[in-house]
There are 2 protein chains.
Amino acid sequence: MPMQDMHLVHHECGDCPIRHRAVCARCEADELSRLEQIKYYRSYQAGQTVVWSGDRMDFVASVVSGIATLTQTMEDGRRQMVGLLLPSDFVGRPGRSTAAYDVTATTDLVMCCFRKKPFEDMMLSTPHIGQRLLEMTLDELDAAREWMLLLGRKTAREKIASLLAIIARRDATLKLKTAKGPLVFDLPLTREEMADYLGLTLETVSRQISALRREGIILLDGKRHVTIPDFDLLLEEAGDDSDGGVLG
Amino acid sequence: MPMQDMHLVHHECGDCPIRHRAVCARCEADELSRLEQIKYYRSYQAGQTVVWSGDRMDFVASVVSGIATLTQTMEDGRRQMVGLLLPSDFVGRPGRSTAAYDVTATTDLVMCCFRKKPFEDMMLSTPHIGQRLLEMTLDELDAAREWMLLLGRKTAREKIASLLAIIARRDATLKLKTAKGPLVFDLPLTREEMADYLGLTLETVSRQISALRREGIILLDGKRHVTIPDFDLLLEEAGDDSDGGVLG
DNA sequence: CGTAATCTTGATGTTTTTCAACGGAAGTGG
DNA sequence: CCACTTCCGTTGAAAAACATCAAGATTACG
């Protein structure tokens, strides 16, 4: 594993920030201690590739902190992001030996890893893990399908508004913010990454963000720092039926 | 359940055509007989709606024969198909009480249904079901992500070629056809349904099909009967890296 | 301070949608 | 059996949306 910043941090699972949302969420104390024996941490710097599509991948992992992306690439270089991995999200697939997508650390990233074989063995003996993984996979499938609607049918403006709404909502959840008042957050993605997520070019992303700024729907401080004075206004631009949200 | 053609056909699970691919694939004889006690069949005519998005859905089911679609609709009527359900595919989500999508029978359809509560109970006591459902859900997630690449980055021509390739491949698998020779099949979807699947308008679908026909990449007999003289040629138009396929 | 990376904006070009008209096949009722 | 309607599909012309090409501006960073 060349050029990788490997840490051997050792956390207690009990203190783990993703304890209640990750694949281990349903585990009892004894199950958790078995997991604890086979887990190890790995860190990646922003921009580093975790695995390349097609490469052998002998572990599965949970994102502990930071953000990673899943992207697919066509031969001629066209790229489509197919997943945004946030803390507690799961990477890798039990029962498959090679990665199906490029996995890249967008920010500094810490993952809690399990070698595949021991993890698969544990899944067989510990139904709680498989149950939670099923639940998480069903949620991801719903999110992917919501994204299909965005990619197939929304306008560039709606796509940008939708992405901003999702990031804002996630950020508010993470910070346990109050329901009302302006939302403030930093974009974790470059314009190009946003374009790859939304099926647009980076120029179109830039133009649509500028348009939303001109119209006062968002405020920009620098290129990444965003304020949303009225969230409902943004949701209208996103074309969603009011409530909806990829993140429950 | 108004206007629904309900059959009380009674199949033995042992003879079931989807026995080895559906959610019950891993079940042992005793597990199967327990499933057999809680299952019932339902039939729908082509065009009928199985459930509307948001409606209460008190069962889950496997497609036994025929084709169904999952679609999302925006308030202004824009539609995106987010799934194509073929025999052995699973409908519904354990642990959720309302449908997330419109489910529609595209052809005459037979489903093997389980009331949700007994099915959920069985999942807890029968790991084989949850294991298989996880496997199937992971496959669906992969398919959804492949579709995201298509929706976000492929041209109209590539989208059409990709869809034809997928249908052709599925059809060949189903008929256990030999590897070589021209592929012949009937399109199970109208132009409009194809458009909803591909994130295009029906006019664009029609034009691109006409273009592929003019160029000899496909042959059309009537509007639905398709012959593909050279599958590799079609794959080139689809922009896929040769092998790929949503259906293993 | 200089260089690279990121972002913005303008001008132009291409693709796809929209609007519109029409053709054929299938079903319906007289 | 025939007129009539509906559904499905095709094609053309014009318009809109988005991409591409190109030039600078701003920011980050060594």
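Each chain gets a letter, A, B and so on, in the order its sequence line appears, and its residues count up from 1.
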What is the distance, rounded to the nearest whole Å, between atom [atom1] of [X] and atom [atom2] of [N]?
| X | N | atom1 | atom2 | value |
| --- | --- | --- | --- | --- |
| R157(B) | dT14(C) | CZ | C1' | 16 Å |
| E158(A) | dA17(D) | CD | C1' | 12 Å |
| K159(B) | dT15(C) | NZ | P | 14 Å |
| D196(B) | dC8(D) | CG | C1' | 14 Å |
| L200(B) | dG9(D) | CG | P | 15 Å |
| L150(B) | dT16(C) | CG | C1' | 15 Å |
| R153(A) | dA17(D) | CZ | C1' | 15 Å |
| K154(A) | dT17(C) | NZ | P | 18 Å |

**Message:** Just to verify, which of L70(A), T71(A), T69(A) counts as forming a side chain to side chain contact (heavy atoms under 4.5 Å, CB included) with Y101(A)?
**Reply:**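 So the option named by the test is L70(A).
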Lys/Arg-Asp/Glu bridge criterion (N-O < 4.0 Å) met for [X], [Y]:
| X | Y | answer |
| --- | --- | --- |
| R78(A) | D196(A) | no |
| R224(A) | D186(A) | no |
| R79(A) | E192(A) | no |
| R93(B) | D142(A) | yes |

**Message:** Let me confirm one number: the OH-CG distance from Y197(B) to L163(B), rounded to the nearest 0.5 Å.
**Reply:**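 Answer for the OH-CG pair, Y197(B) versus L163(B), is 7.5 Å.
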**Message:** Counting only heavy atoms and a strict 4.0 angstrom limit, can you tell me which residues of residues 77-84 of chain B come near DNA chain C?
**Reply:**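 Result for residues 77-84 of chain B: none.
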**Asked** Below 4.5 Å, heavy atoms only, C-beta onward: do R153(A) and E158(A) meet side chain to side chain?
**Response**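 Result no, sub-4.5 Å side-chain heavy-atom pair not found.
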**Asked** Are the side chains of M74(A) and D240(B) in touch, meaning some heavy atoms are under 4.5 Å apart?
**Response**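 Sidechains of D240(B) and M74(A): no contact.
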Look for any protein N or O under 3.5 Å of an N or O in nucleotides 7-10 of chain C and output each such pair with its distance, or none.
{"residue": "dC7(C)", "atom": "OP1", "partner": "R224(A)", "partner atom": "NE", "Å": "3.0"}
{"residue": "dC7(C)", "atom": "OP2", "partner": "R191(A)", "partner atom": "N", "Å": "2.9"}
{"residue": "dT8(C)", "atom": "OP1", "partner": "R191(A)", "partner atom": "NH2", "Å": "3.2"}
{"residue": "dT8(C)", "atom": "OP2", "partner": "R191(A)", "partner atom": "NE", "Å": "2.6"}
{"residue": "dT8(C)", "atom": "OP2", "partner": "S206(A)", "partner atom": "OG", "Å": "2.7"}
{"residue": "dT8(C)", "atom": "O5'", "partner": "S206(A)", "partner atom": "OG", "Å": "3.1"}
{"residue": "dT9(C)", "atom": "OP2", "partner": "S210(A)", "partner atom": "OG", "Å": "2.5"}
{"residue": "dG10(C)", "atom": "N7", "partner": "R207(A)", "partner atom": "NH1", "Å": "2.8"}
{"residue": "dG10(C)", "atom": "O6", "partner": "R207(A)", "partner atom": "NH2", "Å": "3.1"}

**Sequence-distant partners of F59(B), ring pair (Phe, Tyr, Trp, His ring centres under 6.0 Å), two or more places apart** =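 So F59(B) forms no ring pair (Phe, Tyr, Trp, His ring centres under 6.0 Å) with any residue.
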**Message:** Considering every strand and a 4.0 Å limit on heavy-atom distances, what is the contact class for G199(A): base, sugar-phosphate, or nothing?
**Reply:**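 Sugar-phosphate only.
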